[in-house]
Amino acid sequence: MIAYPCDSGSFSANYDVKWSGLKRPKAGCAFEKVSIVGGMFVTGGISCILGKKDKAVHIRNRDDYTMRLKWISKKFVVLYDVADKRAWLVDGASALLHLVRASLKRDSTDIFSAQFLYKESSLVEAPPEFNGKRASVFVLTHQSNMSLPLYAKPAATRHETNVGQLGAHSSVTTHTRTYYCLKDRIESIYEVLEQIIAHQADVASEDGVGFRVKHTLRQQLEGFDFMDIATDEDPLWPRTTSLQPRGRGWVDFIRAIHAITLFGTGFGEIIQPTRAENDPSCGKCNYNVNVPKMADYLTVCISDMREILQKQGTQTTNPWRLVDNIYWHAPDPPFDPCRCDSTLISSAPSPDRVQVLLPATFPRFWRRGMCSPNDLSLPHYGAVLFGYSPRFPLRWGGLGDPEVSPLVDGIENLDPSFADNMLGTSIGSLSTPVEHSTSTSSSTSTGAMEMSSTSDDSNEETARKRSKIFKDWMKGK
Amino acid sequence: MVEILTWFDSLRYHQAGVSAVVPSCIVNTSENQDVLISPKSEVQLGPPEGSDSKKEGQCWLGLFDTPMLLRGFPMLFRDEEWSGIEIPLDMLPMLVNSRKISKFGGKILIKGFAAALVPTKKAGNYIAWHVVVNSTGGHLSYTDSEIQSCLGSYPRDLVIGDLLSARHIVGWSNNVRSNAGESPRKELRYI
């Protein structure tokens with residue numbers, strides 16, 4: 001992955017996002033008992049404003065709008081496309097802007113569109129040299145953007161009659177019109193995100209989502225529907241999906257950084273390469289191409305990875321530690337130019353740019369010669385993909401450490417919903433994961449998907465066995 | 001009219017920290033029946049006796065930087081146990097720089113960026129709120145330990161509809177002193 005500018009804050013992504021269609025979490029899920037309520041505005045007869053001298057230190061001399069954006073820009077959000085099976089890790093400010101844009105798009109086409117005053121052309125966009133978080137913050141904080149009217153509030157009419165000294169009457173009628181502006185929309189969506197983030201990071205109490213999520217199965221990805229938030233659904237109910245086995249390698253990482261997940265359909269290219277006409281691209285080694293679909297890759301901008309490394313990890317170890325016990329291994333240099341043409345001649349395998357995350361408790365962790373990318377400062381606007389790497393194949397169960405063992409395409413990467421229907425049980429609802437099973441019986445509901453071998457050398461044989469089990473099982477059906 | 005002008009006059013006083021004003025004025029009538037009003041309010045410098053934002057019932061002091069208390073202002077009678085400051089519902093979100101009343105984990109609270117108001121008691125027509133402030137001015141989370149600890153005494157039967165009709169007292173705490181046995185006064189009470 002190289003030269004992937006982060007487009008999450010710019011206007012080239014798709015804002016006509018559709019609902020995910022996912023179900024609510026079942027019993028035992030981390031978000032099981034959570035719902036988000038928008039809150040209530042209190043408008044009474046009193047109109048007052050706090051005097052400057054009255055404001056306490058915590059609210060004086062400071063614009064809370066900016067402070068809120070600063071706070072959320074340090075948080076992380078996973079946008080998961082349920083149709084494309086692609087995940088994007090973006091900063092909170094970019095996710096907020098993305099939601100705001102999607103909400104405006106929806107407003108321009110719904111049945112109240114006649115009252116909708118916003119014109120897309122009036123939004124001041126970030127200069128082209130701004131990327132990712134910087135571009136998002138520019139748009140969200142631009143003064144003229146914040147005051148863009150979306151809807152008119154009912155006009156207030158004031159009629160005054162003055163009686164002069166000689167008894168002469170004069171009357172003045174004033175109309176005051178106020179608007180619901182873009183800043184109000186931004187704050188509304190911010191408030192919802194703040195609540196979800198608070199739940200996700202709640203590790204202190206046993207009922208907290210952050211605490212519970214550590215004990216839920218890895219394949220169980222929980223969050224909220226992107227469009228529910230964009231269209232101001234109230235209350236908001238959580239959603240959940242099951243990740244295919246090849247998409248579980250980054251789950252521990254997003255849980256460790258308390259990233260919230262928003263589901264949708266048709267996010268488009270949130271992060272995509274911007275390359276000149278003559279720039280080479282190669283789908284074989286994922287060089288300068290759009291993020292492949294159906295592979296459950298997590299795409300992250302280098303700038304965000306740098307921030308996580310700087311604040312929560314360290315580059316003094318080899319491989320680098322990203323957060324907690326999670327290390328970053330690059331099976332091949334991710335930013336090297338494509339050499340697939342030359343490798344064809346030498347019949348060597350194409351380099352694998354997909355990055356791997358794994359814990360230090362992994363067997364022989366420090367003796368495998370693992371390493372992180374050479375230099376993270378060179379591809380300033382690049383992005384990396386995390387996920388299943390054929391060069392360093394890891395099999396992740398629902399809980400515990402992974403094992404080195406290749407996954408068999410077409411069998412183990414079945415669409416979990418398809419598997420759900422076939423197997424007559426929900427993978428997400430299993431209270432005890434079936435993992436590291438060596439049983440050859442097909443009576444175990446998830447056996448065909450979860451079996452693993454204990455030896456690196458018997459991979460091929462295991463794959464053949466697994467294929468046979470699956471075929472037999474299908475015939476039996 | 002004179003009384004109203006005197007109350008207004010007391011608003012011009014401004015002292016650092018917590019202080020109090022006892023509004024007063026001198027009314028002189030001249031020979032030609034002109035009335036001359038001279039304000040003569042007494043300013044009590046420094047916090048009035050017993051005021052401390054850490055003290056029970058007075059956490060609301062943390063909401064203001066240099067609050068000026070007006071002594072003698074007529075207010076509705078309130079039971080002694082409801083110590084604190086009475087604030088209309090409309091003004092509560094404003095005090096913590098919030099726009100609305102939120103619900104988190106099924107419980108009502110008002111949360112701004114660095115401060116929050118948490119309901120801690122409901123009885124009769126009163127709802128008591130406790131103020132939680134991040135003194136550094138940094139972000140205060142819904143899951144902040146002090147908020148969660150206050151929610152421990154959250155009135156279980158509280159619904160949004162109660163807020164609209166109730167009187168809101170900011171500053172109540174669990175450790176409020178007991179005034180059992182004191183005879184309630186039925187007239188307007190003066191602080």
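Each chain gets a letter, A, B and so on, in the order its sequence line appears, and its residues count up from 1. From a predicted model like this one, the values you see are computed outputs, not experimental measurements.
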Could you tell me whether A/Lys214 atom NZ has more than 12 heavy atoms of other residues or ligands within 6.0 Å of it? yes

So which part of B/Ile110 gets closer than 4.5 Å to some heavy atom of chain A, the side chain, the backbone, both or neither? neither

Given that the side chain runs from C-beta out, which part of A/Tyr65 has a heavy atom under 4.5 Å from chain B: side chain, backbone, both or neither? neither

For A/His199 together with B/Tyr142, are the ring centres under 6.0 Å from each other? no

A/Glu191/B/Lys111 under side-chain contact (heavy atoms from CB on, under 4.5 Å): CA gap, chis, key distance, verdict: CA-CA 10 Å; A/Glu191 282 158 9; B/Lys111 199 188 87 65; over 6 Å; no

Between CH2 of A/Trp71 and CG of B/Leu140, what distance do you get to the nearest 0.5 Å? 10.5 Å

Where on A/Val37 is there a heavy atom nearer than 4.5 Å to chain B: the side chain, the backbone, both, or neither? both

Output the distance between atom NZ (A/Lys70) and atom CZ (B/Phe113), rounded to the nearest 0.5 Å. 9.5 Å

Side chain, backbone, both or neither: which part of A/Asp184 has a heavy atom under 4.5 Å from chain B? both

Please classify the contact of A/Ser188 with chain B as side chain, backbone, both or neither, using a heavy-atom distance under 4.5 Å. both

Part of B/Ser102 lying under 4.5 Å from any heavy atom of chain A: both

Shortest non-hydrogen contact between A/Met40 and B/Lys100, atoms and distance: O-CB, 2.9 Å

I'd like to verify something: which residue of B/Leu92, B/Leu164, B/Ile108, B/Thr143 has the highest number of heavy-atom pairs under 4.5 Å with chain A? B/Thr143

B/Gln148 vs A/Asp202, test: side-chain contact (heavy atoms from CB on, under 4.5 Å). Steps then yes/no. CA-CA 11 Å; B/Gln148 290 307 311; A/Asp202 186 9; 6.0 Å; no

Would you compute the distance between atom NZ of B/Lys103 and atom CD1 of A/Ile36 and round it to the nearest 0.5 angstrom? 12.5 Å

Could you check if a side-chain atom of A/Arg68 sits within less than 4.5 angstrom of a side-chain atom of B/His139, using non-hydrogen atoms only? no

